[in-house]
Asks: 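One structure coming up, written as structure tokens, with questions to follow.
One-based numbering, in listed order, for ligands and for the atoms of each.
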Amino acid sequence: MIARIETHRGSITDLNVDAIVNAANASLLGGGGVDGAIHRAAGPELLEECRTLGGCATGDAKITKGYHLKAKFVIHAVGPVWQGGGDLGEAELLASCYRRSLELTREYKLKSIAFPAISTGVYGYPLEEATRIAIDTVRNWLIGSTALERVVFVCFDERTLSTYERLLRDHD
Ligand code: APR
């Protein structure tokens, strides 16, 4: 059964899914944007657990509990900083964030996951290209076996939402 892919306009901290993905930095010690919002909503125990993880490489993802969030787990993914596109590694590193996060849902037998638009904020990744990578990577991964029933792309602003909805339609 192929999981349902949805978009949602709003804050990822409001979602009642098994895991929400955090657009974190390599230290995993919090930050601004969605990272700040998730830590604020989860409470201080999240940072305490993050401290035990010893950071996270760009393109990789690590899982923690969700604490005061509705979500049971937080998957912290570290996206690439946009360097202008010359360094081909950016696209692969961004795709890897989505793949590693999805692999963790398999490991933990999760049924639902929500992603923010990783790297498209502070990290400056062009929205159109990042959205294409997100959708293609998730769709390709879902072809394999998975217990996942629901993948939500959470868009914090109208521009992001309309980009996701257009590219999801185009691919149909
Ligand atoms: N819920 C969902 N999405 C959100 C939220 C929220 N509460 N707050 C911000 N966003 C959106 C942004 O609008 C953007 O579309 O998340 C997307 C990613 O933006 P950032 O949070 O800036 O993340 P990123 O570009 O990956 O940069 C990561 O920023 O906060 C620091 O510690 C973090 O150093 C890391 C860097």
Asks: Could you check whether Arg99 pairs with Glu92 (Lys NZ or Arg NE/NH1/NH2 to Asp/Glu carboxylate O, under 4.0 Å)?
Replies: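 Salt bridge: yes.
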Asks: Check this for me - ligand 1, Thr13, N or O atoms closer than 3.5 angstrom, yes or no?
Replies: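 No; every N/O pair is 3.5 Å or more apart.
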Asks: Please list, in number order, the atoms of ligand 1 under 4.0 Å from a heavy atom of Asp35.
Replies: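 Listed by number with element, the hits are 30 (O), 32 (O), 33 (C).
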Asks: State plainly whether the residues Arg51 and Glu49 are in salt-bridge range, i.e. N to O under 4.0 Å.
Replies: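 Looking at Glu49 together with Arg51, the answer is no, because their closest N to O distance does not fall below 4.0 Å.
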Asks: Return a yes/no value for Val34: is any of its N or O atoms, backbone included, closer than 3.5 angstrom to an N or O of ligand 1?
Replies: yes
Asks: Just need the protein heavy atom nearest to atom 36 (C) of ligand 1, so name the residue and atom and give the distance.
Replies: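 The closest one turns out to be Tyr123 CE1, 3.4 Å.
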Asks: Nearest heavy atom to atom 30 (O) of ligand 1 wins, so pick from Ala41, Gly32, Ser119.
Replies: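 Comparing heavy atoms across Ala41, Gly32, Ser119, the nearest one to atom 30 (O) of ligand 1 lies in Gly32.
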Asks: Near Gly31, which atoms of ligand 1 are under 4.0 Å from a heavy atom of that residue?
Replies: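 This gives 30 (O), 32 (O) as the contact atoms.
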Asks: Considering the heavy atoms of Ala117, write down every atom of ligand 1 situated less than 4.0 Å from one of them.
Replies: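 In order of numbering, the contacting atoms are 15 (O), 17 (C), 18 (C).
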Asks: Flag Ile12 as yes when one of its N or O atoms lies below 3.5 Å from any N or O atom of ligand 1, and as no otherwise.
Replies: yes
Asks: Ala23 to ligand 1: N or O pair under 3.5 Å?
Replies: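 No, Ala23 has no N/O under 3.5 Å of an N/O on ligand 1.
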Asks: If the cut-off is 4.0 Å to any non-hydrogen atom of Ala37, which atoms of ligand 1 fall inside it?
Replies: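 Listed by number with element: 7 (N).
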Asks: For ligand 1, which atoms, with element, lie under 4.0 Å from some heavy atom of Thr120?
Replies: 14 (C), 15 (O), 17 (C), 25 (O)
